[in-house]
Amino acid sequence: MSTPPARRIVVVGGSLGGLRVTEALLAGGWDGEVVVLSAEPHVPYTRPPLSKAALADGPDLATLAFKQRPEAARAEWRFGSRAVAADLAARTVTLADGGTLAYDGLVAATGVRPRRLPARIDHSAGAGHVVRTIEDCRALHAELRPGARVVVIGAGFIGCEVAATATGLGCHVTVVAVDESPMLVPLGRAVGDAVRARHERAGVAFRLGVSVASVSGTRGAYSVALSDGTSVEGDVLVQCVGSAPCVEWLEGNGLDLTDGVVTDNRLRLGGGTGAVAVGDVARFPNPLFDDVPRRIEHWQTPLETARRAAATLLADLADLAGTEADPVPFTPLPSFWSDQYDLRLQSFGVPGLADRTEVLEGDLEGQAVVGYFRGEQLVGALLLGLPRRAAAVRKHLLASLTDPAATYAA
């Protein structure tokens with residue numbers, strides 16, 4: 001009698017989300033195969049330092065690599081292997097080399113890639129640097145020499161962090177952005193202006209409210225023409241204009257891929273069974289806020305979604321006749337941090353949902369706690385400094401989200 005083939009889960013994506021969901025699946029009792037397809041050639045490593053400490057000092061994979069649990073070694077890791085298509089009905093994944101891989105369960109953990117300026121304004125010799133991989137970081141680090149003129153396009157978190165790091169290395173930095181204030185969309189005008197003032201005191205110049213019309217020149221001699229008719233010259237160009245979820249490989253399956261991949265609250269793709277998403281690609285509803293699916297690009301998201309997705313997939317593959325492994329709604333509290341100079345910005349909740357902000361403690365010129373309100377409900381909170389207040393602020397925010405009558409107490 002022949003032995004039936006081992007059942008297999010394919011995890012597409014080998015970064016933090018892919019690593020943690022692999023560990024959770026194997027720790028949760030999966031006794032079949034787990035194959036992890038990672039487009040990068042490296043073991044999973046942490047990315048936030050790539051725009052901060054690792055950019056300043058030069059990235060070291062040994063330092064950046066995540067500590068792995070013993071379960072991870074039981075998986076088959078295929079580095080440098082990229083998925084280009086999936087057939088959810090046939091349960092197969094097609095690889096860039098033309099091969100196919102059958103699966104019983106699928107995890108989408110492909111994360112995001114950096115957006116770039118539109119092709120019409122990219123320079124033919126290359127449009128400068130982006131910051132996503134260890135190779136990106138290493139290449140940019142090599143050019144951040146004292147006295148170098150650095151043009152950063154984009155004033156979001158990555159752009160501001162790169163500007164702070166480059167300034168600390170003795171570079172002359174100019175930040176160009178279409179928004180009127182740094183980090184305007186996630187944090188609002190008041191906080192953005194306060195952060196801008198700190199950068200300007202450190203020597204950073206800002207050209208805000210303008211777009212890039214064209215980029216000419218090449219490395220060491222860029223000229224960035226702006227929509228107001230002026231230009232900025234630089235030796236180093238860095239594009240920090242956001243990110244795009246890597247979901248093209250899921251096309252053709254009837255899924256909503258307009259911004260990541262829409263899942264249910266249990267992280268199932270399209271609400272079906274046998275396929276889940278984790279991390280930056282998952283757009284799921286969070287009842288802590290409302291029933292609108294949202295995609296959250298925070299470092300904590302891969303950790304929390306990995307645990308939930310693993311439980312969902314294990315239940316699906318155990319043929320439990322619809323019984324959920326965990327009937328409790330998935331209600332993670334988003335959080336992130338950003339280090340700029342000696343200031344740490346730490347946020348909880350979803351500030352972008354707010355229609356007004358209020359300084360709850362301190363002042364924006366020094367250290368402060370800023371509340372983000374949707375109507376009368378606190379939906380987000382940001383700490384500028386004040387690290388010892390983080391736990392208490394988080395507790396107050398959770399109280400507001402679960403009890404609309406709750407009030408903030410300093």
Side-chain angles (χ1 to χ4, degrees), residues 48-57 131 137 140-141 144 146-210 232 234 236-242 297-299 335-349 351-352 354 356-372 380-390 393 410:
L50 298 181
S51 57
K52 299 184 280 288
L55 181 58
D57 301 333
V131 182
C137 180
L140 178 55
H141 167 77
L144 296 183
R149 301 169 302 163
V150 180
V151 180
V152 177
I153 302 176
F157 287 105
I158 299 299
C160 287
E161 289 168 359
V162 169
T165 301
T167 299
L169 293 173
C171 301
H172 303 295
V173 179
T174 301
V175 175
V176 176
V178 295
D179 291 328
E180 297 288 343
S181 184
M183 299 175 290
L184 179 64
V185 173
L187 300 183
R189 184 64 183 263
V191 171
D193 286 350
V195 172
R196 173 184 177 176
R198 294 172 188 264
H199 278 273
E200 288 177 333
R201 288 196 293 270
V204 176
F206 284 88
R207 298 296 308 277
L208 302 176
V210 293
V232 178
V236 183
L237 181 66
V238 191
Q239 293 194 35
C240 303
V241 292
E297 286 188 30
H298 295 167
W299 190 87
S335 64
F336 70 84
W337 76 94
S338 176
D339 294 327
Q340 299 175 34
Y341 309 106
D342 59 351
L343 177 71
R344 167 157 289 197
L345 291 78
Q346 189 167 3
S347 172
F348 301 103
R356 67 180 179 91
T357 62
E358 179 182 334
V359 177
L360 302 175
E361 299 180 43
D363 64 83
L364 294 177
E365 293 183 0
Q367 299 187 82
V369 177
V370 182
Y372 292 80
L382 174 76
L383 294 95
L384 293 172
L386 299 176
R388 295 182 180 179
R389 292 288 295 142
V393 169

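Computed over heavy atoms, backbone and side chain alike; hydrogens, waters and symmetry mates excluded. Computed from a predicted structure; not experimentally measured.
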Go through the structure and list residues passing side chain to side chain donor-acceptor pair (under 3.5 Å) with [X], not counting sequence neighbours.
X	value
Glu200	Arg196
Arg207	Asp228, Thr230
Gln346	none
Glu180	none

Report yes if some heavy atom in the side chain of [X] is under 4.5 Å from a heavy atom in the side chain of [Y]; otherwise report no.
X	Y	value
Glu361	Arg389	yes
Leu383	Trp337	no
Leu360	Val370	no

Suppose we screen for salt bridge (Lys or Arg N to Asp or Glu O under 4.0 Å). Which residues come up paired with Arg344, at least two apart in sequence or across chains? Asp339
Listed partners of [X] passing side chain to side chain contact (heavy atoms under 4.5 Å, CB included), at least two apart:
X	answer
Thr167	Val173, Ala202, Val204, Tyr341
Arg388	none
Ala197	Arg201

Give the table of side-chain donor-acceptor pairs shorter than 3.5 Å for residues 182-192, with sequence neighbours excluded, one pair per line with atom names and distance.
| residue | atom | partner | partner atom | Å |
| --- | --- | --- | --- | --- |
| Arg189 | NE | Asp193 | OD1 | 3.1 |
| Arg189 | NE | Asp193 | OD2 | 3.1 |

Residue pairs involving residues 160-176 (criterion salt bridge (charged side-chain N to carboxylate O under 4.0 Å, His left out); sequence neighbours excluded): Lys52-Glu161
Given 3.5 Å as the limit, does a donor-acceptor pair link the side chain of Thr165 with the main chain of Ser51, or not? yes
Exercise: identify the closest heavy-atom pair between Ala148 and Val236: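 Shortest heavy-atom separation between Ala148 and Val236 comes out as CB-CG2, 4.5 Å.
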Which pairs with one or both residues in residues 151-192 pass ring pair (Phe, Tyr, Trp, His ring centres under 6.0 Å), sequence neighbours excluded?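 Sorted pair list: Phe157-Phe336.
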